[in-house]
Amino acid sequence: MRSMDILMLSAAIEECRADGWPEQGLGPALEAKARIEGFLGKLALAVEGKNLSVLNAALNECRAAGLPQHELAKAEAMKASIEDTLGTLRRGIDEKDLDMLDAGIELCQVARVKAPMLEEAVQTKKWIEDLLGKLNVSVKHQDAEMIGAALVSCRKASLPQKYLAAAAQAKEEIQAMLSGLSRAVEFRDLLALNAALTSCEERGLPARYLDAARAVKGDVERLLENLQAAINSKEAQSLSIAIQECQREGLPARDVEEALRVETRIQELQTRLTTGVSSKDIQVLDSSLEEAASFGLPDSSLAAARAEQSRIQQLLLRLAASNQKKDLGGLDESLKACQSYGLPQRDLEEALATKRRVTELLERLKQGVLRRDIVLLRDALQKAEEEGLPMQHLSEAEDARSRIEELLSRLDSAVQQKDTRHIAAALMACEGLPERDLELAKQQKQKIEELLSDLHRGNEKKDLKALTAALSASESTGLPEIDLQEARATKVELERLVANLVEGIDSKDIQVLKIAVSEFEASGAVEVETFSMAVTSKRKIEQMLARLGVAVQLLDIQVLKAAIEECQAASLPERDLQEATWAKDSIERLLATLKFSIDCQNMAGVKAAIEECPIDMLRTAIIECRSSGVPEDTLRDALRARAEQHSDISESEREKMVQDLDQFNDEEKRTCYNKAVSMLHASIRSGTDVPPEFEELMNELIVSHVM
């Protein structure tokens, strides 16, 4: 009850009844409930009625009774809404703002708000609309005075500027247009008048604003029509009058510009015509008359110039006819007539030039005949023909040209044949012609003579390279075959010699090489690279064969094998290796026999091998036996038996053969032998010559062996 909350109170009453309380015990609560419901009923009616004063009274009563705030929220919201709506109405009335008034009136009508202010707002709105209606009508009529009066009324009524801006702008625009129209009238400017009138008419301005401008426009158009007629007529006096009238009436300078240009142009053309007549200049007259006629000047203005043009044309036609005929007499006569009449030098230049050219051509033809100069004659004749000179002036030069061309043709034919004898004869026939026409033939003759000289030198020296080059140059030049025969035969012989050298080099055959080198040297030919290669190859092969021969003499199996392998690697013919191969095979068989007998401790076999051993292999056999440990007695017995086989020698000689065994023990001789073997082996490995000391060692060994 103290909270005055109807919901809580109703719930509490129901709870007490449920607990069985007597009704009289609930009396104060029920009275309080009825009282609260009465307050809420009044408040609900006030909200529904939307009368601000009634609503305020109901809210004040409920607050005084202590009703909870949530019971008053709806009414307070309604009160705030009505106050806002009435505030909008108030501002619309005070500010004369139709938008606010429309919004406030609409809100009141929609919400069914009841307030005396609503009627005031409706009346204010109607009053504003009446003022703005009059303003819009004045704008529609485009009447500046009406718009100004309506704007005054609206401003006195303090209407907002936003409702007046369009009308004020329209008034300014109309006034600006009328100002422009006034200026166009003042300056008599037809373009500006037309533009201003068109703008005013399109905008719909009242006719009273435009009548004076239209009258001025008619006057200006009449003046301009008269001016245009004078321009079209190209009549100087009429044009001058029309221009003066327009200027007097104050028309813009722009409207008379064309007329002034035409007047100036007429004056220029008349001046040019006068100049052409006085200067006798046909070009000036022709161009001036053409321009004047094209411009449209009356015929009366052109008569004098045309008469002068006709007289000058007749003189020039006579001059052109004489010029065409290349007649010097006629040219002189026509030139004098033109000069005496006073024609410009320019119009006579062509005829004067023709006269100079004809005189010069006749002189050139004369000089060509005298000098026997074919170039001068051809050029002069060509130019004379192009110039159109009569044939009687050309006959002598034509005959001279034919004779000279025949001589030059013979000379050219001789040059083409590349035969110095023919060229010399043709040059002799052409004596007296300019050096220029003979220079090529002389150069060709000199070139051929130089080629023949090169051939002769190459042939004499037997220089294959020089001879080949000279023959190639001579053939490419096209020299006659008779001049090349001897050189070709020599070249074939030299190529044969070189081919033999190549064969010897390729075959590695010392016999072929020796013959080829000897034959080449005997021929007396200039050395070629192939000859040097052949000599080098011959020397190398001879060195290898020499080493092979020494190896055969030394009978050292290792050195012999190395020498044979060297020759085989160099691809020497098998013929040159036969002796060395036989010696190697013999030594290998002997050593194999000895080694077999020694390995088997068969001293009888060793003895038999030594007895049967050839004399040149005896040293090798003895050295092999000693190196294998064969007893000295066995070796002496073998040598003694070997000596006894020679019954045809004395006892002392047989004894010496046995004593030779001691020589094999001679350390100095063995050292000498081993050194010679070592030198030869080193020479074979390196492919170089043995040193000079080797020859001395070999001589010593050979002498010792023979002794």
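Ala292 approaches Leu302 most closely through the heavy-atom pair CB-CD2, 3.5 Å. The minimum heavy-atom distance linking Ala351 with Asn323 is given by the pair CA-OD1, 3.5 Å. Here the shortest heavy-atom pairing between Arg372 and Glu431 reads NH1-O, 3.3 Å. Residues Ile282 and Gln313 share a closest heavy-atom pair of CD1-CG, 3.9 Å. Closest approach of Asp281 and Pro344 over heavy atoms only: CA-CG, 3.8 Å.
Under 3.5 Å, the side chains of Ser238 and Ser233 contain no donor-acceptor pair of N or O atoms. The closest side-chain donor-acceptor pair between Gln309 and Asp286 falls under 3.5 angstrom. Side chain to side chain, Arg357 and Thr354 meet the donor-acceptor criterion of an N or O pair below 3.5 Å.
With a 6.0 Å radius and a threshold of 12 heavy atoms from other residues, nucleotides or ligands, Glu350 has its CD atom at or below the threshold. Heavy atoms from other residues, nucleotides or ligands lying under 6.0 Å from CG of Leu370 number more than 12. Annotation: Glu396, atom CD; neighbour count of heavy atoms from other residues, nucleotides and ligands within 6.0 Å does not exceed 12. The number of heavy atoms from other shown groups lying within 6.0 Å of CD (Glu386) is above 12.
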Check the pair Ile374, Arg401 against side chain to side chain contact (heavy atoms under 4.5 Å, CB included), reporting the backbone distance first and the verdict last. CA-CA 6 Å; Ile374 190 63; Arg401 180 177 68 177; 3.6 Å; yes
Would you sort out whether Leu365 and Val369 count as a side chain to side chain contact (heavy atoms under 4.5 Å, CB included), showing the intermediate values? CA-CA 6 Å; Leu365 287 170; Val369 171; 5.7 Å; no
For the pair Arg265 and Glu291, evaluate side chain to side chain contact (heavy atoms under 4.5 Å, CB included) and give the outcome as yes or no after the intermediate values. CA-CA 10 Å; Arg265 181 61 174 154; Glu291 283 186 75; 2.4 Å; yes
Test side chain to side chain contact (heavy atoms under 4.5 Å, CB included) on Ser322 and Glu333; report intermediate values, then the result. CA-CA 9 Å; Ser322 299; Glu333 184 181 346; over 6 Å; no
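A side-chain contact (heavy atoms from CB on, under 4.5 Å) with Leu223 is found for one member of Arg248, Glu245, Gln228 and no other, namely Glu245.
Atoms CD and CZ, from Glu290 and Phe295 in turn, are 14.5 Å apart once rounded to the nearest 0.5 Å. Note that the CD1 atom of Ile312 and the CG atom of Asp347 stand 8.0 Å from one another [nearest 0.5 Å]. Expressed to the nearest 0.5 Å, how far OG of Ser288 lies from CG of Leu273 amounts to 5.0 Å. Here the straight-line distance linking atom CG of Leu224 with atom CD of Glu258 works out to 10.5 Å at 0.5 Å rounding. How far CG of Asp373 is from CD1 of Ile404: 7.5 Å, rounded to the nearest 0.5 Å. Here CZ of Arg272 is found 10.0 Å from CG of Leu285. Values are rounded to the nearest 0.5 Å.
In this structure, Leu239 and Lys234 have side chains that are not in contact, with every pair of non-hydrogen atoms separated by 4.5 Å or more. For the pair Glu363/Lys366, a side-chain contact is recorded, criterion being any heavy-atom separation below 4.5 Å from C-beta on. Under the 4.5 Å side-chain criterion, counting only non-hydrogen atoms from C-beta, Ile243 is in contact with Glu263. Residues Arg311 and Leu315 have side chains not in contact (no heavy-atom distance under 4.5 Å, counting atoms from C-beta outward). Put simply, the side chain of Leu317 does not reach to within 4.5 Å of the side chain of Gln314, judged on heavy atoms.
The backbone N or O of Val375 lies less than 3.5 Å from no partner atom in the side chain of Asp379, so there is not a single donor-acceptor pair. For Ser301 (side chain) and Leu297 (main-chain N/O), no donor-acceptor pair under 3.5 Å exists by modelled atom type. At distances below 3.5 Å, at least one donor-acceptor pair connects side-chain atoms of Ser279 with backbone N or O atoms of Thr275. Using a distance-only test at 3.5 Å, with no hydrogens or angles considered, no donor-acceptor pair links the side chain of Ser413 to the main chain of Ser409.
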Donor-acceptor contacts under 3.5 Å from residues 212-222 side chains, at least two apart:
from, atom 1, to, atom 2, distance (Å)
Arg214, NE, Glu201, OE2, 3.4
Arg214, NH2, Glu201, OE2, 2.9
Lys217, NZ, Asn194, OD1, 3.1

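For the pair Arg306 and Asp299, the salt-bridge criterion is met [side-chain N within less than 4.0 Å of a carboxylate O].
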